Trainee: 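Got a structure for you, questions after.
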Amino acid sequence: LMLEAFTPRAIDGLVPEITAIVEGLLANLAGRDEIDLIGDFAYPLPATVIAHILGVPGKDIDRFRDWSDALALVVGSVRSAPDRFERGAEALVELTDYFRDAVTERRVRGAKGALIDTLIEAHDADGSLSIEELVGNCVILLFAGHETTTNLIGNGILLLLDNPDQLAGLRANPSLIEPAVEEILRYEPSVHSILRLAAEDMVLRGKQIRAGDRIQLMLGAANRDPDVFDDPDRFRIDRSPNRHLGFGYGLHFCVGAELARVEGRIALEHILKTMPHFELAGEKLDREMSLVLRGINKLPLSVRYAA
């Protein structure tokens, strides 16, 4: 049910709209000497896009952010927030109620064309999707569909600032934008680790693992594996091949991978085109200490714009 909404062909059809959203957000920043790239751009872009795909109003973005921030405390295992479970539970209840109302409203209107409508049809046709599964999938798509892409954009700009030779190379050769996005995903994956349960007993490099054991797979470490990547601790926008695990692997490979790649590419292209110069406006980054998610809460930049 999900795959058709995220095929390369479906995502290609969204390119004009994504581009328009990017251009509109950047136009709103024109003339400002200092911006927060996360709050002003990297968050509203993917949140607006995923809201459009699902079929919920983009005007609710501020509410989405509050709910997602609370959920990220739990999903990201943020130990610096002792009340994370209470805040996450409250957000989950409110977001669940929001999507239950959205399902009712769209069903009454007979709305068509959005992903939520496809899920409603599956529920109504033969019950293959329960109402709990329908709402649950909307919740996870809204959260995962923008939280990780926000991180991709923020991590990418920060990496380019930390590696001025690579930033200069990308400005000089914009055709490197696609491998640059892949290298960002390898070097600073938006999701650094994922949890799995062992399906059977096994021995991995001398370590005994029992069926049912909880395994924390460290994607960030795998992406620096010297047996796979030459000079793995170097950030290189022209790296090829680049078999990173930024989107996971196998059965649980990220369904939104193509969307994230396209949003990242369009966002970076337009930032570099409209901002001939940008630099960090502060010395200390506001980065959440999360075991799972890798991102920046705020990224203050001093900028100059193209005429």
Side-chain angles (χ1 to χ4, degrees), residues 6 10-69 72 114 141-161 167 170-171 174 177-178 180-181 184-185 188 190 256-282 285-287 293 295-307:
F6 294 98
I11 301 306
D12 282 346
L14 290 172
V15 167
E17 181 160 359
I18 295 172
T19 302
I21 295 170
V22 167
E23 291 175 343
L25 289 170
L26 290 175
N28 290 337
L29 301 179
R32 289 172 51 182
D33 296 330
E34 186 170 314
I35 65 170
D36 169 22
L37 188 73
I38 304 301
D40 293 331
F41 179 83
Y43 182 88
L45 165 60
T48 303
V49 172
I50 200 66
H52 168 75
I53 292 172
L54 275 169
V56 293
K59 64 179 176 59
D60 291 332
I61 282 178
D62 288 341
R63 300 171 70 191
F64 298 156
R65 180 161 200 177
D66 290 341
W67 290 327
S68 292
D69 286 348
L141 279 172
L142 180 68
F143 172 73
H146 72 259
E147 189 78 24
T148 50
T149 305
T150 296
N151 292 349
L152 164 61
I153 296 168
N155 291 341
I157 292 299
L158 186 58
L159 278 172
L160 291 170
L161 286 169
L167 175 56
L170 189 55
R171 286 192 183 279
I177 195 71
E178 289 188 17
V181 168
I184 293 165
L185 290 163
E188 283 280 28
S190 300
E258 185 64 21
L259 176 61
R261 285 177 163 126
V262 168
E263 287 184 276
R265 172 176 59 80
I266 295 174
L268 291 179
E269 280 179 340
H270 283 73
I271 289 172
L272 295 179
K273 183 170 65 175
T274 60
M275 301 180 187
H277 175 81
F278 52 81
E279 60 186 23
L280 284 176
L285 287 175
D286 181 14
R287 190 185 289 280
L293 302 171
I296 309 159
N297 293 323
K298 294 182 179 179
L299 187 57
L301 299 179
S302 297
V303 299
R304 289 203 304 266
Y305 296 89

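These numbers were taken from a predicted model, which means no experiment stands behind them.
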Trainee: Drop me the distance from Leu268's CG to Leu152's CG, to the nearest 0.5 angstrom.
Mentor: 7.0 Å
Trainee: Please round to the nearest 0.5 Å and tell me the distance separating atom CG of Leu170 and atom CD of Glu269.
Mentor: 9.0 Å
Trainee: So, does Arg171 use its side chain to make a donor-acceptor pair with the main chain of Leu272 at under 3.5 Å?
Mentor: yes
Trainee: Mind listing the closest non-hydrogen atom pair of Leu161 and Glu279 along with its distance?
Mentor: CD2-CA, 4.0 Å
Trainee: Take atom CD in Glu23; do more than 12 heavy atoms of anything else shown fall under 6.0 Å from it?
Mentor: yes
Trainee: Does the Thr150 side chain pair with the main chain of Ala42, one donor and one acceptor, at a distance under 3.5 Å?
Mentor: yes
Trainee: Assess the residue pair Ile18 and Leu259 against the criterion (side chain to side chain contact (heavy atoms under 4.5 Å, CB included)); give the C-alpha distance rounded to whole Å, side-chain angles, the decisive distance to 0.1 Å, and a yes or no.
Mentor: CA-CA 10 Å; Ile18 295 172; Leu259 176 61; 4.0 Å; yes
Trainee: How close do Ala114 and Gly55 get, heavy atom to heavy atom, and via which atoms?
Mentor: CB-CA, 3.5 Å
Trainee: Could you tell me whether the side chain of Met275 reaches within less than 4.5 Å of the side chain of Ile35, counting heavy atoms only?
Mentor: yes
Trainee: Out of curiosity, Ser190 OG to Glu147 CD, how far, rounded to the nearest 0.5 Å?
Mentor: 9.5 Å
Trainee: Do Glu258 and Phe6 have side-chain heavy atoms sitting under 4.5 Å apart?
Mentor: no
Trainee: I need the minimum non-hydrogen distance between Pro300 and Glu34, along with the two atoms involved.
Mentor: CB-OE2, 4.3 Å
Trainee: If we only count heavy atoms from C-beta on, is the Asp40 to Leu25 side-chain gap below 4.5 Å?
Mentor: no
Trainee: Can you tell me how far apart CZ (Arg304) and CG (Asp33) are? Round to the nearest 0.5 Å.
Mentor: 10.5 Å
Trainee: Hey, what do you get for CD1 (Ile21) to CG (Leu26), rounding to the nearest 0.5 Å?
Mentor: 12.0 Å
Trainee: Side-chain contact, heavy-atom cut-off 4.5 Å: Val22 with Phe41?
Mentor: yes
Trainee: Which pair of non-hydrogen atoms, one from Gly39 and one from Arg65, has the smallest distance, and what is that distance?
Mentor: CA-NH1, 3.4 Å
Trainee: Apply side chain to side chain contact (heavy atoms under 4.5 Å, CB included) to the pair Leu280 and Leu301, showing each step before the final yes or no.
Mentor: CA-CA 5 Å; Leu280 284 176; Leu301 299 179; 4.1 Å; yes
Trainee: Between Ile177 and Arg265, which heavy-atom pair has the shortest distance, and what is it?
Mentor: CG2-CG, 3.7 Å
Trainee: Measure the spacing between CD1 of Ile266 and OG1 of Thr19 and express it to the nearest 0.5 Å.
Mentor: 3.5 Å
Trainee: Are Leu14 and Ile53 packed together at the side-chain level, in the sense that at least one heavy-atom pair is separated by less than 4.5 angstrom?
Mentor: yes
Trainee: For the residue pair Phe64 and Trp67, categorise the inter-ring angle as parallel (less than 30°), tilted (30 to 60°) or perpendicular (more than 60°).
Mentor: tilted
Trainee: For residues Ile271 and Leu37, determine if any side-chain heavy atom of one lies less than 4.5 Å from a side-chain heavy atom of the other.
Mentor: yes
Trainee: If you compare all heavy atoms of Ser302 against all heavy atoms of Ala281, which two are closest, and at what distance to 0.1 Å?
Mentor: OG-CB, 3.6 Å
Trainee: Quick check: do Phe278 and Leu167 have side-chain heavy atoms less than 4.5 Å from each other?
Mentor: yes
Trainee: Using a 3.5 Å distance criterion without hydrogens, assess whether the side chain of Asn297 forms a donor-acceptor pair with backbone atoms of Arg287.
Mentor: no
